[in-house]
Amino acid sequence: MSAPAASARRAPAAYTDALVWYITRDSRYAERAIQIMDAWSAVIIDHTNSNAPLQTGWAGSSWPRAAEIIRYTYTGWSSAGVNRFATMLRNVYLPEVINGSLRTNGNWELSMMDAAIGIAVFLEDKTAYDKAVSTFRARVPAYIYLTGDGAFPKGPAGSGIDTRAEVVDYWQGQDTFVDGLSQETCRDFTHTGYGLAAIAHIAETARIQGQDLYPEVADRLRHALGLHAKYQLGTAVPSWLCGGSLTLGLGPVTEVGFNALHNRMGIAMANTQTLAEQQRQAGSNNLFVAWETLTHAGNPN
């Protein structure tokens, strides 16, 4: 079977069932999550269409979250099922995402690394984990601009996007740069939200593994969340920003980053806080962001 779109739908469903199991301890939900994971690992052999790396990234971000919960809190998943699922992640998902995607819009590579780091954790694969972190570290400065970067943003490392003209073209024609601007701000807020969510997810996964990446990305992430929250909340768009017109729709992507930066690190984030509180209870974008008010709001640990 080759069906990335279906996989992107079923993986969040398994994660949702796993969360409900963990909260309620109703074994029916654990069994349903197992049923989904076992069914998928039994048939999928590849993801093949033109955006397979992206959709593999979306699904591959949610599968390990579901699997980690079930594997370590429920005794009913057979060792054969766990092993087959791990084989699926290693042979089908990881090869599609681990090498990144240098010249696509940044949400692609960030979503792919969100999947890669989660899969590496489930597989206890340090080589894959380290590669995902390295790619993440290189991509974040090419996705969110800070004035300290210079007169214009960095291009993705190794992409050949180096000159100001090339960067402006890659940044959707935007030629004025301010703290927190994203490579996809002038494309639309929905795809920008995917990138910001993935950055927070990766940093959170690494933190749980004992590696704190937040100090490296905190300034970029807080400025990006704040800038996009401000305009999502209705601030008038200046003429220098995306020609004076933005396509909104940031999505339920603020909770993980806001919780880490504000609740854990004590950073003031007024616009992000207002937007996060307005959007609660945050649901799912039906791709790779799901129930993050439940899992992260007011939860500094």
Side-chain angles (χ1 to χ4, degrees), residues 7-42 44 56-94 97-98 111 113-133 136 197-198 200-214 255-256 259-260 263-264 284 287-301:
S7 176
R9 292 192 299 271
R10 298 313 294 156
Y15 175 55
T16 300
D17 283 325
L19 279 176
V20 176
W21 144 252
Y22 185 79
I23 292 165
T24 66
R25 298 296 159 148
D26 184 333
S27 63
R28 291 175 298 176
Y29 294 98
E31 291 295 331
R32 189 178 301 166
I34 292 168
Q35 182 181 26
I36 294 169
M37 293 187 289
D38 281 352
W40 205 258
S41 66
I44 189 167
T56 305
W58 291 338
S61 299
S62 296
W63 284 132
R65 295 181 190 128
E68 287 274 314
I69 292 170
I70 297 300
R71 184 183 191 179
Y72 293 109
T73 68
Y74 185 69
T75 59
W77 196 9
S78 70
S79 58
V82 172
N83 291 337
R84 189 174 70 193
F85 189 82
T87 297
M88 176 192 78
L89 292 181
R90 181 174 296 283
N91 294 343
V92 178
Y93 283 83
L94 190 59
V97 297
I98 191 61
S111 297
M113 291 310 105
D114 189 0
I117 194 170
I119 290 168
V121 169
F122 186 80
L123 297 176
E124 299 183 355
D125 184 335
K126 188 176 186 303
T127 299
Y129 175 94
D130 288 343
K131 186 170 184 177
V133 170
F136 167 77
H201 290 171
I202 292 163
E204 196 69 8
T205 299
R207 184 187 73 88
I208 294 168
Q209 297 306 306
Q211 181 179 23
D212 190 0
L213 298 175
Y214 278 112
E255 295 283 21
V256 177
N259 181 62
N263 293 329
R264 192 178 302 135
S284 172
L287 298 172
F288 73 113
V289 177
W291 323 122
E292 293 181 351
T293 299
L294 172 66
T295 57
H296 287 82
N299 182 19
N301 297 319

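Below, each value reflects all heavy atoms present in this structure, side chains not excepted, and no hydrogens, waters or symmetry copies.
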Student: Can you tell me how far the CD1 atom of I69 sits from the CD1 atom of I23, to the nearest 0.5 Å?
Tutor: 8.5 Å

Student: Taking only residues at least two apart or on different chains, which pairs with a member in residues 57-70 satisfy salt bridge (Lys or Arg N to Asp or Glu O under 4.0 Å)?
Tutor: R65-D114

Student: Under a 4.5 Å cut-off applied to non-hydrogen side-chain atoms, are V133 and I117 in contact?
Tutor: yes

Student: For G118 versus P64, what's the shortest heavy-atom pair and its separation?
Tutor: O-CB, 3.5 Å

Student: To check you understand the geometry: which heavy-atom pair defines the closest contact between A66 and A18, and what is its length?
Tutor: O-CB, 3.9 Å

Student: Which residues pass the salt bridge (Lys or Arg N to Asp or Glu O under 4.0 Å) test with R25, sequence neighbours left out?
Tutor: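 Once residues adjacent in sequence are excluded, R25 has no partner under the salt bridge (Lys or Arg N to Asp or Glu O under 4.0 Å) criterion.
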
Student: Could you check F85 against L89 for side chain to side chain contact (heavy atoms under 4.5 Å, CB included), going step by step and ending with a plain yes or no?
Tutor: CA-CA 6 Å; F85 189 82; L89 292 181; 3.6 Å; yes

Student: Could you tell me whether R207 atom CZ has more than 12 heavy atoms of other residues or ligands within 6.0 Å of it?
Tutor: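 Check passes, neighbour count above 12.
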
Student: For Q209, give me all partners under side-chain hydrogen bond (donor to acceptor under 3.5 Å, both in side chains), at least two apart in sequence or on another chain.
Tutor: none

Student: For residues 72-91, pull every pair meeting salt bridge (Lys or Arg N to Asp or Glu O under 4.0 Å), keeping only residues two or more places apart or in separate chains.
Tutor: R90-D125

Student: For residues 29-38, dump all side-chain donor-acceptor pairs below 3.5 Å to protein atoms at least two apart in sequence or in another chain.
Tutor:
residue	atom	partner	partner atom	Å
E31	OE2	Y74	OH	2.4
D38	OD1	W77	NE1	3.0

Student: So, taking the atom named CG in L94 and the one named CG in L123, what distance separates them when rounded to the nearest 0.5 Å?
Tutor: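 L94 CG to L123 CG: 6.5 Å, rounded to 0.5 Å.
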
Student: Please examine the side chains of W63 and F122, heavy atoms only from C-beta on, and report whether any two atoms are closer than 4.5 Å.
Tutor: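 No - every pair of side-chain heavy atoms lies 4.5 Å or more apart.
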
Student: If you measure from OH on Y93 to CD1 on I119, what distance do you get to the nearest 0.5 Å?
Tutor: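 Reported to 0.5 Å precision, the distance equals 8.0 Å.
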
Student: Considering all heavy atoms of both residues, which atom of G60 and which atom of A115 are nearest to each other, and what is their separation?
Tutor: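 Residues G60 and A115, closest heavy atoms: C-CB, 3.4 Å.
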
Student: Below 4.5 Å, heavy atoms only, C-beta onward: do I208 and V121 meet side chain to side chain?
Tutor: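 No, every pair of side-chain atoms sits at 4.5 Å or beyond.
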
Student: Once rounded to the nearest 0.5 Å, what's the spacing between atom CZ of F136 and atom CD1 of I202?
Tutor: 5.0 Å

Student: Would you indicate whether the side-chain heavy atoms of D26 and V20 approach each other to under 4.5 Å?
Tutor: no

Student: Mind listing the closest non-hydrogen atom pair of I98 and M113 along with its distance?
Tutor: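 Closest heavy-atom pair between I98 and M113: O-CE, 3.9 Å.
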
Student: For E255, does its backbone N or O pair with a side-chain atom of N259 as donor and acceptor, under 3.5 Å?
Tutor: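 Such a contact is absent between N259 side chain and E255 backbone.
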
Student: Kindly compute the distance separating CD1 (I44) from CG (N91), expressed to the nearest 0.5 Å.
Tutor: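 The CG atom of N91 is 11.5 Å from CD1 of I44, to the nearest 0.5 Å.
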
Student: Hey, what's the ring geometry for F288 with W58, parallel, tilted or perpendicular (30° and 60° as the breaks)?
Tutor: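 Parallel.
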
Student: Is it the case that Y129 and E124 place a side-chain donor and acceptor less than 3.5 Å from each other?
Tutor: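 Per modelled atom types, Y129 and E124 side chains form no pair under 3.5 Å.
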
Student: Could you check, using the six-membered ring where one of them is a Trp, whether W291 and Y15 have ring centers closer than 6.0 angstrom?
Tutor: no

Student: Applying side chain to side chain contact (heavy atoms under 4.5 Å, CB included), run through N299 and N263 and close with a yes or a no.
Tutor: CA-CA 8 Å; N299 182 19; N263 293 329; over 6 Å; no

Student: Could you pull out all residues at least two apart from D130 that satisfy salt bridge (Lys or Arg N to Asp or Glu O under 4.0 Å)?
Tutor: K126

Student: To the nearest 0.5 Å, what is the distance between OG1 (T205) and NE2 (H201)?
Tutor: 8.0 Å

